[in-house]
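To start, the structure itself, in structure tokens.
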Protein chains: 2
Amino acid sequence: MPKPTFFNLSMEKQELLINAAKKEFSRVPLYDASISNIIKDAGIPRGSFYQYFEDKEDIFFFLIDEDSKQVYQNFISIIKINNGDLFTSFVDLFKSILINFAEPKNRQYIKNAFLNMNYKIEKTFTKNFYEENVKSKFFELNDLIKSKSLNIANEEEMFHILKIMMVVMIQNLVDVFARELPAHEAIAAFSLEIDLLKKGFYSRT
Amino acid sequence: MPKPTFFNLSMEKQELLINAAKKEFSRVPLYDASISNIIKDAGIPRGSFYQYFEDKEDIFFFLIDEDSKQVYQNFISIIKINNGDLFTSFVDLFKSILINFAEPKNRQYIKNAFLNMNYKIEKTFTKNFYEENVKSKFFELNDLIKSKSLNIANEEEMFHILKIMMVVMIQNLVDVFARELPAHEAIAAFSLEIDLLKKGFYSRT
DNA sequence: AATTTAAAATGACAGTGTGTCATTTATTGT
DNA sequence: ACAATAAATGACACACTGTCATTTTAAATT
């Protein structure tokens with residue numbers, strides 16, 4: 001997290017920094033990004049940057065966390081609209097994220113984040129949905145999901161189902177960028193996978 | 001891939017380089033690894049490194065690819081032993097990878113790779129199992145898997161099932177390292193998820 | 001209002017690593 | 001033995017990082 005000093009800045013200056021950082025993270029992935037470029041673009045001295053952030057990861061994960069919170073709120077609305085249908089909701093969430101990708105302002109930034117999606121980035125992203133060993137967030141979702149039509153014996157299984165659906169969604173989003181898939185193809189592929197998860201892979205016949 | 005010059009080296013010198021690289025990639029993840037440390041450890045001049053490899057990624061992905069090929073061969077044997085049962089085979093593969101983790105020689109190196117598993121690393125790893133648009137590899141697996149007890153309409157669905165199971169397995173392996181899970185817990189969690197995938201998430205009742 | 005104290009801003013600097021390239025050394029073919 | 005090709009070498013220019021002593025600004029106190 002940014003240091004307190006950052007949050008004491010005027011909103012204008014905070015946004016100046018954030019925009020400069022997003023610009024740099026649009027140019028290249030986190031590990032190639034340079035603080036030098038960010039401060040040059042924002043027009044602040046080098047020392048100031050370190051007054052506000054620990055390092056470039058600090059500001060990067062701050063941005064990802066903000067984005068994730070928005071996606072989570074969006075997901076909550078979607079589930080409500082779909083009366084707790086988990087499967088339809090995930091497909092709708094996928095679609096809404098794709099629409100966000102289409103915006104040129106976000107595209108490169110999100111692309112770089114997804115193509116370099118590692119454990120820490122994924123964790124930052126998903127922790128706003130459910131947190132390992134933190135049940136409060138999980139319950140909010142759990143209460144909204146119509147679980148009686150789900151094939152689950154207990155709450156733990158619900159957690160695993162969410163985890164699987166999330167990782168499958170993220171993988172499909174990564175694919176969109178890696179292979180520059182058109183939206184309709186991406187949606188078809190993801191819908192198919194959600195359907196397989198729904199029905200199960202095993203057939204008794 | 002390493003340059004031809006590398007493969008012209010004596011086996012001893014190749015292994016010297018490989019060991020030095022593994023040592024450095026054990027110390028820190030790819031993006032923090034330094035070529036300076038590798039050449040210092042191997043006792044070769046800086047210029048020589050660039051005679052053999054493009055950059056540090058070049059040698060890293062070469063190592064990952066080698067590992068992946070071994071895992072793939074292992075998987076083939078496991079499927080045969082299990083008479084094509086995909087679910088049991090994945091659980092067995094998971095167990096065998098965990099055993100490999102336990103070896104101190106590999107542990108840190110693999111841990112760093114998994115905690116920084118991004119698209120390119122995952123692709124390098126999975127391309128030896130199935131390649132998008134390259135059907136030959138896929139068929140080898142496809143033929144071994146007893147697909148008549150699977151809930152699939154066509155070959156495309158088989159591909160998606162493999163993709164999902166692989167990503168779920170990788171995510172569980174990442175979890176092992178991120179949360180330092182004991183083997184029996186990791187196996188229990190993965191088995192549960194495989195079982196959920198097998199049965200399906202949706203219940204008609 | 002003047003003075004003290006604390007907080008924030010600044011930029012020069014040392015340290016570390018990268019990739020290149022001109023030169024030297026070794027190997028191969030004639 | 002000589003030429004030609006391949007490989008090895010290490011000095012160098014360039015880029016970026018994180019720190020820290022110093023300066024500036026803001027807040028608190030008398």
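Letters A, B, ... mirror the listed sequences (proteins, then strands); counts begin at 1.
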Phosphate contact (dT17(D) OP1 or OP2) by Ser36(A) side-chain N/O below 4.0 Å |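 Yes.
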
Answer yes or no: does a side-chain N or O of Asn8(A) lie under 4.0 Å from OP1 or OP2 of dA7(C)?
->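 No, because none of the side-chain N or O atoms of Asn8(A) sits under 4.0 Å from OP1 or OP2 of dA7(C).
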
Does atom NZ of Lys199(A) have more than 12 heavy-atom neighbours from other groups under 6.0 Å away?
->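 Result for NZ/Lys199(A): enclosed.
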
Report which part of the nucleic acid [X] touches: base, sugar-phosphate, or nothing (heavy-atom distance under 4.0 Å, all strands).
X        : answer
Thr5(B)  : sugar-phosphate
Ser34(B) : sugar-phosphate
Ile39(B) : nothing
Phe6(A)  : nothing

Of all the choices, [options], which nucleotide is nearest to the side chain of [X] once you look at every atom?
X        : options                   : value
Tyr52(A) : dG18(D), dA9(C), dG19(C)  : dA9(C)
Arg46(B) : dA9(C), dG10(D), dT19(D)  : dG10(D)
Ile35(A) : dG17(C), dT10(C), dG18(D) : dG18(D)

Integer-rounded Å distance: [N] [atom2] and [X] [atom1]:
X        : N       : atom1 : atom2 : result
Lys3(A)  : dA9(C)  : NZ    : P     : 12 Å
Asp32(A) : dG17(C) : CG    : P     : 17 Å
Gln51(A) : dA7(C)  : CD    : P     : 12 Å
Lys56(A) : dC16(D) : NZ    : P     : 10 Å
Ile38(A) : dT17(D) : CD1   : P     : 8 Å
Asp58(A) : dT17(D) : CG    : P     : 14 Å
Phe49(A) : dG11(C) : CZ    : P     : 17 Å
Tyr31(B) : dC16(D) : OH    : C1'   : 18 Å

Taking all non-hydrogen atoms of both residues, which atom of Ala113(A) and which atom of Ile64(A) are closest, and how far apart?
->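 In this case the closest contact between Ala113(A) and Ile64(A) is CB-CD1, 4.0 Å.
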
Taking side chain as C-beta onward, heavy atoms only, is Asn118(A) less than 4.5 Å from Leu115(B)?
->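 Asn118(A) does not reach Leu115(B) side chain to side chain.
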
Does the ring centre of Phe177(A) sit less than 6.0 Å away from the ring centre of Phe101(A)?
->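 Aromatic pair counts; centres sit under 6.0 Å.
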
What about the rings of Tyr31(B) and Tyr31(A), do their centers lie closer together than 6.0 Å?
->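 Centroid distance Tyr31(B)-Tyr31(A): below 6.0 Å, so yes.
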
Within the sub-3.5 Å range, which N or O atoms of nucleotides 23-29 of chain C have a protein N or O partner, and how far apart are they?
none

Ring-plane angle category for [X] and [Y], please: parallel below 30°, perpendicular beyond 60°, tilted otherwise.
X         : Y         : answer
Phe125(A) : Phe129(A) : parallel
Phe159(B) : Phe138(B) : perpendicular
Phe190(A) : Phe94(A)  : parallel

5′-ward residue of the pair Ala33(B)/Ile44(A) relative to DNA chain C =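 Nearest-nucleotide comparison on DNA chain C picks Ile44(A).
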
Tabulated below should be each protein N or O lying under 3.5 Å from an N or O of nucleotides 20-23 of chain D; please produce it.
none

Can you check whether Lys13(B)'s main-chain N or O pairs, donor with acceptor, with Ser10(B)'s side chain at less than 3.5 Å?
->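 Yes, Ser10(B) side chain to Lys13(B) backbone: donor-acceptor pair under 3.5 Å.
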
Residue that, paired with Phe90(A), satisfies side-chain contact (heavy atoms from CB on, under 4.5 Å) out of Asn82(A), Ile78(A), Leu162(A), Ile79(A) |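 One option only clears the test, and that one is Leu162(A).
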
